[in-house]
Amino acid sequence: DTAVSQTPKYLVTQMGNDKSIKCEQNLGHDTMYWYKQDSKKFLKIMFSYNNKELIINETVPNRFSPKSPDKAHLNLHINSLELGDSAVYFCASSQDGVSTDTQYFGPGTRLTVL
Amino acid sequence: SQKIEQNSEALNIQEGKTATLTCNYTNYSPAYLQWYRQDPGRGPVFLLLIRENEKEKRKERLKVTFDTTLKQSLFHITASQPADSATYLCALARDDKIIFGKGTRLHILP
């Protein structure tokens, strides 16, 4: 069974469109995350979220919004896509916080904005 | 600003030798340091976590050291194998913040 899964694996879209990436974890973890890995391979945290609190990276544009229908799912909505949004987006989860606990990453979604 | 540097973009090591990867950081005081492995087209996989008050941590053929005075972590793979070829990322964390290095691509040559 896949611990953290994401759909779609590839997403190609036009500038200005709105798109969503879905993430599900079956590990029973309390905390989920979204990361962006750009063309230079830097992996940057965008959001961390648990049932109680959403923590936003201040550098993330407000066009990006995470939505969590339940503890096992954290979806990422992106409005008005821009060329610079092209990257690989990873979902991850952990039982506790980002510092102290093992994070389990999904396989990634490669987003290409044309 | 906070900065992480991993010693080189790519490192070639002969099979059977020890591979040593370096992670240096500035303008940061992490409480934890983590190492991950990332294969092409896949998400990172957690390997080891070491706390600021720990000097060394081992797991099978892996060893991590953490020197908060030098602001440096060393990641060692002993008896390296071609299957160890991957990109290795270090990450510094404190509270809700985590920052990743760019990674070192390790090639183990048969």
Side-chain angles (χ1 to χ4, degrees), chain A residues 2-10 21 23-25 27 29-50 52-60 87-111, chain B residues 1-11 21 23 25 28-54 57 59-60 62 64 66 68 73 86-106:
Chain A
T2 304
V4 181
S5 59
Q6 297 177 229
T7 55
K9 188 166 176 63
Y10 300 97
I21 306 172
C23 177
E24 176 181 1
Q25 55 97 1
L27 297 167
H29 287 163
D30 288 334
T31 309
M32 296 183 72
Y33 313 88
W34 277 107
Y35 284 85
K36 177 181 180 181
Q37 189 168 43
D38 60 24
S39 58
K40 295 181 180 178
K41 303 300 182 185
F42 277 109
L43 189 64
K44 292 183 181 176
I45 191 167
M46 301 173 70
F47 305 100
S48 63
Y49 188 91
N50 63 23
K52 302 169 187 172
E53 192 175 1
L54 170 66
I55 299 169
I56 300 172
N57 184 319
E58 294 175 359
T59 64
V60 177
V88 181
Y89 292 84
F90 289 101
C91 177
S93 73
S94 67
Q95 183 55 43
D96 294 318
V98 68
S99 294
T100 59
D101 198 16
T102 302
Q103 292 183 73
Y104 293 84
F105 283 80
T109 295
R110 182 174 293 276
L111 171 65
Chain B
S1 62
Q2 299 155 356
K3 194 174 177 183
I4 303 179
E5 285 188 353
Q6 294 193 238
N7 54 329
S8 55
E9 283 204 23
L11 189 62
L21 284 65
C23 177
Y25 60 92
Y28 199 56
S29 296
Y32 305 91
L33 192 145
Q34 304 174 11
W35 282 89
Y36 288 80
R37 169 184 173 140
Q38 187 172 22
D39 291 284
R42 293 179 174 261
V45 174
F46 174 83
L47 296 175
L48 282 167
L49 178 150
I50 187 166
R51 292 171 171 75
E52 62 180 337
N53 60 354
E54 296 177 315
K57 182 92 50 99
K59 180 182 174 183
E60 297 172 352
L62 309 179
V64 171
F66 192 11
T68 55
S73 174
T87 295
Y88 290 86
L89 308 172
C90 72
L92 310 178
R94 177 177 284 277
D95 301 324
D96 292 319
K97 292 187 186 291
I98 186 166
I99 50 176
F100 279 80
K102 192 175 175 179
T104 296
R105 278 183 290 113
L106 177 64

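No hydrogens, no waters, no symmetry mates; every other heavy atom, side chains included, goes into these values.
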Against chain B, label A:Lys41 side chain, backbone, both or neither, depending on which of its atoms sit under 4.5 Å from a heavy atom there.
-> both

Measure A:Gln37 against the heavy atoms of chain B and call it side chain, backbone, both or neither at under 4.5 Å.
-> side chain

Is atom [atom1] of [X] surrounded by more than 12 heavy atoms (other residues, nucleotides or ligands) closer than 6.0 Å?
{"X": "A:Lys44", "atom1": "NZ", "result": "no"}
{"X": "A:Gln95", "atom1": "CD", "result": "yes"}
{"X": "A:Lys9", "atom1": "NZ", "result": "yes"}

Is it the side chain or the backbone of B:Leu89 that comes within 4.5 Å of chain A heavy atoms, both, or neither?
-> side chain

Region of B:Tyr32 that comes under 4.5 Å of a non-hydrogen atom in chain A = side chain

Acceptor/donor pairs from residues 41-54 of chain B side chains to any protein atom, 3.5 angstrom cut, sequence neighbours excluded:
{"residue": "B:Glu52", "atom": "OE1", "partner": "B:Arg94", "partner atom": "NH2", "Å": "3.3"}
{"residue": "B:Glu54", "atom": "OE1", "partner": "B:Arg51", "partner atom": "N", "Å": "2.8"}

Between A:Val4, A:Ile45, A:Leu43, A:Val88, which residue shows the highest count of heavy-atom pairs closer than 4.5 Å to chain B?
-> A:Leu43

Just checking heavy atoms, which of residues 103-111 of chain A are less than 4.5 Å from chain B?
-> A:Gln103, A:Phe105, A:Gly106, A:Pro107

What residue, out of B:Ala31, B:Ala93, B:Gly103, B:Gly101, has the most heavy-atom pairs lying under 4.5 Å from chain A?
-> B:Ala93

